[in-house]
Amino acid sequence: MTELNKRLGSMDYDGLIADIYPKLVISGGTIRKLAKAATIKRGTILAKSSGTSGDGKLVVLGTAATGDEVLTANCILCDDVEVGTSDDVTVPVYLTGCFNTNKCIVADSHIMTEADKDALREGGIFFKAAAPAL
């Protein structure tokens with residue numbers, strides 16, 4: 001009976017998820033290997049490669065497209081991940097949900113456009129500003 005009230009762990013609220021509606025849907029995705037190894041952080045918006053030279057893999061939103069490739073905002077990374085230079089990486093991503101725009105990450109040189117937001121909204125990802133946690 002002494003084990004009925006035991007702390008199992010704790011979690012720090014990072015503010016990425018802004019609401020429980022629409023429901024979060026998590027799936028797997030494949031991030032394309034990088035030219036220089038890096039850590040991609042939780043909350044990074046990922047674009048999916050399509051078009052004539054597209055490979056269906058994910059890259060950070062704001063990455064430059066190559067050839068006839070089209071990069072369209074698609075999902076949000078669930079957890080920090082190390083991406084190297086030799087292999088693609090399979091990762092968990094949010095396909096739907098409501099997220100805090102101030103906590104989402106894109107490539108340094110990129111500013112999220114209305115077209116990016118529209119592409120995410122069509123897939124079920126919505127944004128709203130969230131109040132800071134107390």
Side-chain angles (χ1 to χ4, degrees):
M1 291 293 245
T2 60
E3 297 295 318
L4 292 177
N5 188 9
K6 180 179 176 183
R7 184 180 195 134
L8 298 176
S10 64
M11 182 183 103
D12 292 328
Y13 177 68
D14 66 3
L16 176 63
I17 299 169
D19 202 338
I20 60 173
Y21 299 107
K23 179 181 159 185
L24 291 174
V25 173
I26 298 172
S27 186
T30 302
I31 294 180
R32 183 188 300 154
K33 63 186 172 187
L34 300 173
K36 180 181 175 188
T39 299
I40 301 177
K41 297 289 191 182
R42 167 181 163 81
T44 298
I45 299 174
L46 301 172
K48 191 170 191 173
S49 171
S50 63
T52 306
S53 60
D55 58 9
K57 295 179 182 168
L58 302 170
V59 297
V60 175
L61 182 63
T63 300
T66 59
D68 292 331
E69 178 180 49
V70 176
L71 297 174
T72 307
N74 181 264
C75 57
I76 298 176
L77 186 62
C78 291
D79 300 308
D80 294 356
V81 64
E82 296 285 332
V83 180
T85 58
S86 59
D87 294 316
D88 298 332
V89 179
T90 301
V91 296
V93 294
Y94 295 111
L95 296 179
T96 66
C98 185
F99 299 90
N100 183 349
T101 53
N102 298 323
K103 297 295 182 172
C104 291
I105 302 166
V106 296
D108 289 336
S109 60
H110 186 72
I111 296 174
M112 194 161 46
T113 65
E114 288 303 315
D116 294 333
K117 291 177 185 177
D118 287 345
L120 290 164
R121 193 175 307 115
E122 287 173 11
I125 291 178
F126 298 89
F127 295 103
K128 73 177 184 180
L134 300 177

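Remember, it's a predicted structure, so these values are computed and weren't measured experimentally. Count residues from 1 along the sequence.
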Distance in Å, [X] [atom1] paired with [Y] [atom2], rounded so as to fall on 0.5 Å steps:
X: L120; Y: F126; atom1: CG; atom2: CZ; answer: 10.0 Å
X: L58; Y: I45; atom1: CG; atom2: CD1; answer: 12.5 Å
X: L16; Y: T44; atom1: CG; atom2: OG1; answer: 9.5 Å
X: L46; Y: T72; atom1: CG; atom2: OG1; answer: 13.0 Å

Give the minimum heavy-atom separation between I105 and K41, together with the two atoms involved.
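Result for this residue pair: CD1-CB, 3.7 Å.
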Y94 to C75 - nearest heavy-atom pair and separation:
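Of all heavy-atom pairs spanning Y94 and C75, the closest is O-CB, 3.3 Å.
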Sorted by first residue and then second, give each side chain to side chain donor-acceptor pair (under 3.5 Å) pair with at least one member in residues 50-59; sequence neighbours left out.
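Those involving residues 50-59 are R32-D55, S49-D55, K57-D88.
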If a pair satisfies side chain to side chain donor-acceptor pair (under 3.5 Å) and one of its residues is in residues 73-85, list it, with sequence neighbours excluded.
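As it turns out, the side chain to side chain donor-acceptor pair (under 3.5 Å) pairs with a partner in residues 73-85, which skip direct neighbours, are T39-E82.
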Which pairs pass salt bridge (charged side-chain N to carboxylate O under 4.0 Å, His left out) with one or both residues in residues 94-114, sequence neighbours excluded?
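Those involving residues 94-114 are E114-K117.
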Residue pairs passing the salt bridge (charged side-chain N to carboxylate O under 4.0 Å, His left out) test where at least one lies in residues 58-68, sequence neighbours excluded
none
Counting C-beta onward and ignoring hydrogens, is there a side-chain heavy-atom pair between D19 and K128 closer than 4.5 Å?
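With C-beta onward as the side chain, the pair touches.
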Are any of the side-chain heavy atoms of D116 and L61 separated by less than 4.5 Å?
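Sidechains of L61 and D116: in contact.
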Spell out, yes or no, whether V59 and L77 are grouped together once hydrophobic residues are joined by side-chain heavy atoms under 4.5 Å, including indirect joins.
no
Distance-only donor-acceptor hits, side chain of residues 21-28, under 3.5 Å, sequence neighbours excluded:
none

I'd like to check the side chain to side chain contact (heavy atoms under 4.5 Å, CB included) partners of V83; sequence neighbours left out, ordered by chain and number.
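Side chain to side chain contact (heavy atoms under 4.5 Å, CB included) list for V83, sorted by chain: I31, L34, I40, V81, V89.
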Is it true that a side-chain atom of E69 and a backbone atom of T66 form a donor plus acceptor pair closer than 3.5 Å?
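Pair found, side chain donor or acceptor close to backbone of T66.
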Between F127 and N100, does the side chain to side chain contact (heavy atoms under 4.5 Å, CB included) criterion hold? Intermediate values first, please.
CA-CA 6 Å; F127 295 103; N100 183 349; over 6 Å; no
